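Chain A is the first sequence line, chain B the second, and so forth, proteins listed ahead of strands; every chain is numbered from 1. Being a predicted model, the structure only gives us computed values, none of them experimental.
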There are 2 protein chains.
Amino acid sequence: MILHTLHLLGGHSRPGQLQRSIPGLSKKMMTQTLRELEDKGLVSREIHQIMPPNVDYSLTPLGKIFVEPIEQLYLWGIEHADALEALEANERLAGTTTDPLEAAE
Amino acid sequence: MILHTLHLLGGHSRPGQLQRSIPGLSKKMMTQTLRELEDKGLVSREIHQIMPPNVDYSLTPLGKIFVEPIEQLYLWGIEHADALEALEANERLAGTTTDPLEAAE
DNA sequence: CGGGATCCACTATGATACTG
DNA sequence: CAGTATCATAGTGGATCCCG
């Protein structure tokens, strides 16, 4: 989702905007994930100022390669919204839960 | 991986063959995942005999829809093996670990 | 603002043993 | 063979507090 969002935002973004763009994403997970993406060379981090902090994350050339299939997946999801809804419908039909333990109660 | 493998095996398979086709997949995880796929209507389970057990799992029409993007992803991976290798290479360059805690030791 | 450090409740998964 | 049950444990992620 971070790669996808970074792509949506034009290939780069500041942490704040990025987090606001992904509702539910905690600061911890965002930072942690960005560090991993950075380690793998998919994203680059640039510090422009220290106080107040002004950081910019952007997709590297390698990152852009990995964004491609991700975008395809998002497109697929949009085109097959019906199939996705079918999934959820089926889930509800089954035992309200996915956990075998909980189901036993 | 299970959907992909099921597809590879012609759309259906017995549990044993399926598990042997995915090295490292424990019986527990396989069964658990198959149950979820079943609940969501992606896979169907048919019992042909009780003793000895003869069960067959197969992709449902809905399952075949979901296999498509997965196959695309596998193909992408093959076509971009270089990009994938680049990932691993970068990982090694960084701290041998991805865990921020372990890294602090 | 960006982000590191801690604490902690869950969750996930492998191992193992058991059943028909 | 196919599957379930139980347990121990590593891993996950949110909440919170702190710093420059």
If I take atom [atom1] in residue [X] and atom [atom2] in nucleotide [N], what distance separates them, rounded to the nearest angstrom?
| X | N | atom1 | atom2 | value |
| --- | --- | --- | --- | --- |
| Glu38(B) | dA2(D) | CD | C1' | 13 Å |
| Gln17(B) | dC1(D) | CD | P | 13 Å |
| Met1(B) | dT13(C) | CE | P | 13 Å |
| Leu18(A) | dG3(C) | CG | C1' | 14 Å |
| His48(B) | dC1(D) | NE2 | P | 17 Å |
| Leu37(A) | dG3(C) | CG | C1' | 16 Å |
| Gln32(B) | dT6(D) | CD | P | 15 Å |
| Glu46(B) | dA2(D) | CD | P | 15 Å |

Name the closest nucleotide to the [X] side chain, picking from [options].
| X | options | answer |
| --- | --- | --- |
| Val55(B) | dA2(D), dG3(C), dG20(D) | dA2(D) |
| Arg35(B) | dG3(C), dT4(D), dT13(C) | dT4(D) |
| Tyr57(A) | dG20(D), dG3(D), dG3(C) | dG3(C) |

| message | Report for the helix from dC1(C)-dG20(D) to dG20(C)-dC1(D): angle between first-end and last-end helix axes, five pairs each, rounded to 10 degrees. | response | 30°

Interatomic spacing from [atom1] in [X] to [atom2] in [Y] - rounded to 0.5 Å:
| X | Y | atom1 | atom2 | value |
| --- | --- | --- | --- | --- |
| Ile70(A) | Gln72(A) | CD1 | CD | 11.0 Å |
| Leu34(B) | Leu3(B) | CG | CG | 9.0 Å |
| Thr60(B) | Lys40(B) | OG1 | NZ | 13.0 Å |
| Leu18(B) | Asp56(B) | CG | CG | 10.0 Å |
| Glu68(B) | His80(A) | CD | NE2 | 6.0 Å |
| Gln32(B) | Leu37(B) | CD | CG | 11.0 Å |

| task | Please determine if a side-chain N or O atom of Arg14(B) lies less than 4.0 Å away from the OP1 or OP2 oxygen of dC1(D). | result | no

| said: Please determine whether a side-chain nitrogen or oxygen atom of Arg45(A) lies at a distance below 4.0 Å from atom OP1 or OP2 of dG2(C). | reply: no

| field | Hydrophobic cluster identity match, Leu8(A) and Val43(A), side-chain contacts under 4.5 Å | value | no

| Any chain of hydrophobic side-chain contacts (each under 4.5 Å) joining Tyr57(A) to Ile22(A)? | yes

| query | Checking all strands, does Pro52(B) fall into the base, sugar-phosphate, or nothing category for heavy-atom contacts under 4.0 angstrom? | reply | nothing

Got a list of protein N/O to nucleotides 14-18 of chain C N/O distances below 3.5 Å?
from	atom 1	to	atom 2	distance (Å)
dG14(C)	OP2	Ser26(B)	OG	2.9
dG14(C)	N7	Lys28(B)	NZ	3.3
dG14(C)	O6	Lys28(B)	NZ	2.5

| Shortest non-hydrogen contact from Gly41(B) toward Leu62(B) | O-CB, 3.6 Å

| said: Restricting to non-hydrogen atoms, name the atom on Gln19(A) and the atom on Ser26(A) that form the minimum distance, rounded to 0.1 Å. | reply: NE2-C, 3.7 Å

| Along DNA chain C (nearest heavy atom to each residue), the more 5'-positioned of Met51(A) and Thr31(A) | Met51(A)

